[in-house]
Amino acid sequence: MEPISLLLLLMAGGFAAGAVLALVTWDMVESWVSARAVRGGYAEILSERLSTGEYHVVGGVFTPYGVRTATQAWDARALDPELARRLRVAGGVIRVHT
């Protein structure tokens, strides 16, 4: 299964359970990616707005061959402007080379 499909599956399945954050920031996501970076790999970040008005953000780190090495999900009431802008500019899926 390709990386984007895995992330969508995780989003649909409600992978993360726990407290809802007030805000997910680009710095928070970027720090998480940097701490788990794989040489020559990449990370993908997706966001979904739920019917409650909250956001479900999912990030995954992948090897150059598309093997997922880490996954994280954040549930929040809002996205910071920089993260929202990056998602909008990237067409809903941010890809970061690590």
Side-chain angles (χ1 to χ4, degrees):
M1 188 176 285
E2 65 186 86
I4 193 78
S5 297
L6 287 172
L7 287 175
L8 290 173
L9 180 63
L10 291 173
M11 286 179 73
F15 178 75
V20 175
L21 302 170
L23 182 72
V24 175
T25 67
W26 171 247
D27 290 339
M28 179 189 285
V29 173
E30 186 179 41
S31 293
W32 178 83
V33 169
S34 294
R36 288 151 186 83
V38 176
R39 185 176 177 192
Y42 61 96
E44 290 186 343
I45 298 96
L46 303 117
S47 176
E48 177 183 27
R49 187 153 193 195
L50 305 175
S51 61
T52 62
E54 295 172 348
Y55 292 87
H56 186 67
V57 179
V58 177
V61 176
F62 301 89
T63 69
Y65 306 105
V67 177
R68 182 173 33 102
T69 61
T71 306
Q72 175 68 43
W74 300 269
D75 291 316
R77 293 187 183 95
L79 304 177
D80 83 321
E82 180 63 13
L83 179 57
R85 182 191 71 76
R86 287 176 181 261
L87 284 162
R88 187 174 51 255
V89 168
V93 179
I94 301 169
R95 181 176 274 208
V96 179
H97 294 278
T98 60

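As the structure is a prediction and not an experimental result, all values here were calculated from the model.
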So which atom in [X] and which in [Y] form the shortest heavy-atom distance, rounded to 0.1 Å?
X: Thr98; Y: Ala37; value: CB-CB, 3.5 Å
X: Arg36; Y: Ala70; value: CD-CB, 3.9 Å
X: Gly40; Y: Pro64; value: O-CG, 3.3 Å
X: Val38; Y: Thr69; value: CG2-OG1, 3.6 Å
X: Tyr42; Y: Gly66; value: OH-CA, 3.6 Å

Could you state the interatomic distance from [atom1] ([X]) to [atom2] ([Y]), rounded to the nearest 0.5 Å?
X: Trp74; Y: Leu23; atom1: CH2; atom2: CG; answer: 12.5 Å
X: Ile45; Y: Arg95; atom1: CD1; atom2: CZ; answer: 10.5 Å
X: Glu54; Y: Asp75; atom1: CD; atom2: CG; answer: 7.0 Å
X: Arg68; Y: Phe62; atom1: CZ; atom2: CZ; answer: 6.5 Å
X: Glu30; Y: Arg86; atom1: CD; atom2: CZ; answer: 6.5 Å

Side chain proximity check, [X] to [Y], heavy atoms < 4.5 angstrom:
X: Leu83; Y: Thr25; answer: no
X: Met28; Y: Asp80; answer: no
X: Val61; Y: Trp32; answer: yes

